[in-house]
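To start, the structure itself, in structure tokens.
All ligand and atom numbering here is 1-based and tracks the order in the structure.
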Amino acid sequence: MERYYSFSRYLKETFGEKVFRVTVDAGFTCPNRDGSKGTGGCIYCYSGSDYDVEKRKKSVEKQIKEGIERVKRRYEAEKILVYFQAYTNTYAPVEVLKPIYDTVRKFHQVVGIIIGTRPDCIPNETLELINSYTNDYLVWIEYGLESSHFKSLKWMNRGHGVSDFIDAVLRTRKFPKIKICSHVILGLPTEEYEDMMETADFIASLRLDGVKIHPLHVIKGTKLEEIYLNERFELLSLSEYADLVVDFVERLPRKTVVQRITGEAPEDILIGPEWCNHREKNRVINLIRKRFEERDTYQGKKCRFLEEL
Ligand code: SF4
């Protein structure tokens with residue numbers, strides 16, 4: 001029995017077969033980096049490896065084409081989701097966004113699109129544009145939330161408030177076919193255990209369709225590295241993280257798709273914790289699954305809210 005509603009299960013149920021993601025960098029910037037909201041960016045933002053410089057030079061069409069070939073070769077998958085991931089993928093007028101998103105129409109293998117963005121960067125006309133793809137594709141928007149506590153958003157220099165997130169969710173809900181996912185970070189030094197559980201309840205109360213859970217990890221060259229080296233605050237151990245994820249997921253509705261339960265980085269740019277390096281990913285996931293078993297618990301066990309409104 002699967003103890004939480006994984007993204008792979010959700011995709012299998014939706015499409016009847018395995019579906020893989022192809023990540024693209026459409027060349028966007030971010031209002032929290034270019035001065036319109038802020039200049040430094042979020043303290044953990046790393047613009048060197050996530051956002052592959054070579055990839056950025058290629059057209060979106062070429063990236064999708066190469067991604068499809070790779071996925072087909074490696075996994076023999078026929079269907080893919082195009083994930084607009086790098087930076088803020090709604091940060092342009094709709095006239096600029098439309099031809100970028102429309103690139104997916106050139107590939108019959110594409111069955112869905114995922115658009116990663118900030119909750120303060122989603123005007124109504126952009127939502128209308130995104131909604132226009134729901135007739136032909138599965139459509140997810142990912143909003144960076146990270147925490148439901150303003151003190152933490154401030155510490156991370158997110159450049160937006162919790163209210164921006166609620167506003168984005170409520171306006172997106174006017175388009176019921178768009179699925180909403182949010183990112184959260186566990187282990188912020190600004191938060192106690194109860195704060196993290198409050199974020200889980202916050203997500204549950206909004207009945208979000210999905211969540212991606214990450215441990216706080218420090219990457220070389222970021223502002224977070226500087227703060228960490230100065231303050232030496234505690235990073236989570238793997239065992240602590242596994243328990244936190246289980247506690248967090250217990251509070252979510254059973255229908256919320258848990259798209260991610262960990263986060264990682266290449267070893268050469270990771271400061272810590274060491275278990276967040278790419279090579280450890282499967283070990284981390286396996287330990288979390290084992291923890292669910294040992295505690296004989298599951299997603300939704302401690303959810304305080306009705307699944308349906
Ligand atoms: S919103 Fe995203 S791209 Fe922008 S600074 Fe924060 S992490 Fe980086």
Side-chain angles (χ1 to χ4, degrees), residues 21 23-53 55-56 60 63 83-93 96-97 100-101 113-123 126-127 130 140-169 172 180-191 199 208 210-228 259-260 262-266 269-271 276:
R21 265 175 292 209
T23 301
V24 297
D25 181 337
F28 291 105
T29 57
C30 172
N32 201 21
R33 299 179 68 101
D34 72 3
S36 110
K37 288 274 170 174
T39 46
C42 307
I43 57 172
Y44 53 81
C45 184
Y46 180 71
S47 56
S49 82
D50 287 356
Y51 314 125
D52 185 328
V53 179
K55 190 187 230 180
R56 191 158 254 255
V60 171
Q63 292 178 49
Y83 183 16
F84 293 94
Q85 182 189 30
Y87 293 97
T88 302
N89 293 277
T90 54
Y91 190 35
V96 176
L97 294 173
I100 294 172
Y101 299 157
I113 57 177
I114 305 168
I115 297 169
T117 190
R118 295 167 53 86
D120 59 351
C121 197
I122 191 79
T126 303
L127 278 171
I130 293 172
W140 282 80
I141 296 184
E142 287 184 5
Y143 291 124
L145 167 66
E146 320 309 345
S147 163
S148 64
H149 305 282
F150 184 68
K151 63 179 177 183
S152 301
L153 300 186
K154 199 169 169 203
W155 183 78
M156 287 182 275
N157 194 37
R158 286 285 305 169
H160 66 75
V162 180
S163 53
D164 293 294
F165 180 80
I166 297 170
D167 173 60
V169 168
T172 309
I180 306 172
C181 179
S182 88
H183 291 238
V184 297
I185 299 176
L186 301 181
L188 294 165
T190 46
E191 300 195 356
T199 296
L208 298 189
V211 64
K212 286 186 167 178
I213 308 169
H214 310 256
L216 181 70
H217 55 287
V218 184
I219 308 280
K220 279 183 192 161
T222 60
K223 179 78 183 158
L224 181 58
E225 180 192 17
E226 217 179 292
I227 298 170
Y228 175 69
Q259 295 198 12
R260 231 182 194 285
T262 189
E264 63 285 325
I269 60 159
L270 179 69
I271 302 287
C276 281

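- Near Tyr87, the atoms of ligand 1 lying under 4.0 angstrom from a non-hydrogen atom of the residue are 3 (S).
- Within the coordination shell of atom 6 (Fe) of ligand 1, defined by N, O or S atoms under 2.8 Å, Cys42 is present.
- Judged as a ring-ring contact (aromatic ring centres under 6.0 Å, His included), and not counting sequence neighbours, Tyr143 has no contacts.
- Against a heavy-atom cut-off of under 4.0 Å, Arg158 is close to the following atoms of ligand 1: 1 (S), 6 (Fe).
- Remark: side-chain polar atoms of Arg118 are not paired, donor with acceptor, to backbone N or O of Thr90 under 3.5 angstrom.
- Because the distance cut-off is set at 2.8 Å, Cys30 fails to qualify as a neighbour of atom 8 (Fe) of ligand 1, as none of its N, O or S atoms comes that close.
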Side-chain donor-acceptor pairs of residues 158-167 under 3.5 Å, sequence neighbours excluded:
{"from": "Arg158", "atom 1": "NE", "to": "His160", "atom 2": "NE2", "distance (Å)": "3.1"}
{"from": "Arg158", "atom 1": "NH1", "to": "Tyr44", "atom 2": "OH", "distance (Å)": "3.0"}
{"from": "Arg158", "atom 1": "NH2", "to": "Gly144", "atom 2": "O", "distance (Å)": "3.3"}
{"from": "Arg158", "atom 1": "NH2", "to": "His160", "atom 2": "NE2", "distance (Å)": "3.1"}
{"from": "Asp164", "atom 1": "OD2", "to": "Gly161", "atom 2": "N", "distance (Å)": "2.7"}
{"from": "Asp167", "atom 1": "OD1", "to": "Arg171", "atom 2": "NE", "distance (Å)": "3.4"}
{"from": "Asp167", "atom 1": "OD2", "to": "Arg171", "atom 2": "NE", "distance (Å)": "3.1"}
{"from": "Asp167", "atom 1": "OD2", "to": "Arg171", "atom 2": "NH2", "distance (Å)": "3.2"}

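- Distances below 4.0 Å separate heavy atoms of Gly41 from the following atoms of ligand 1: 5 (S).
- Atoms of ligand 1 lying under 4.0 Å from any heavy atom of Arg118, numbered from 1 in the order shown and given with element: 1 (S).
- Rounded to the nearest 0.5 angstrom, Ile122 CD1 and Thr172 OG1 are separated by 6.0 Å.
- In the model, Glu142 has a side-chain atom that pairs as donor or acceptor with a side-chain atom of His183 under 3.5 Å.
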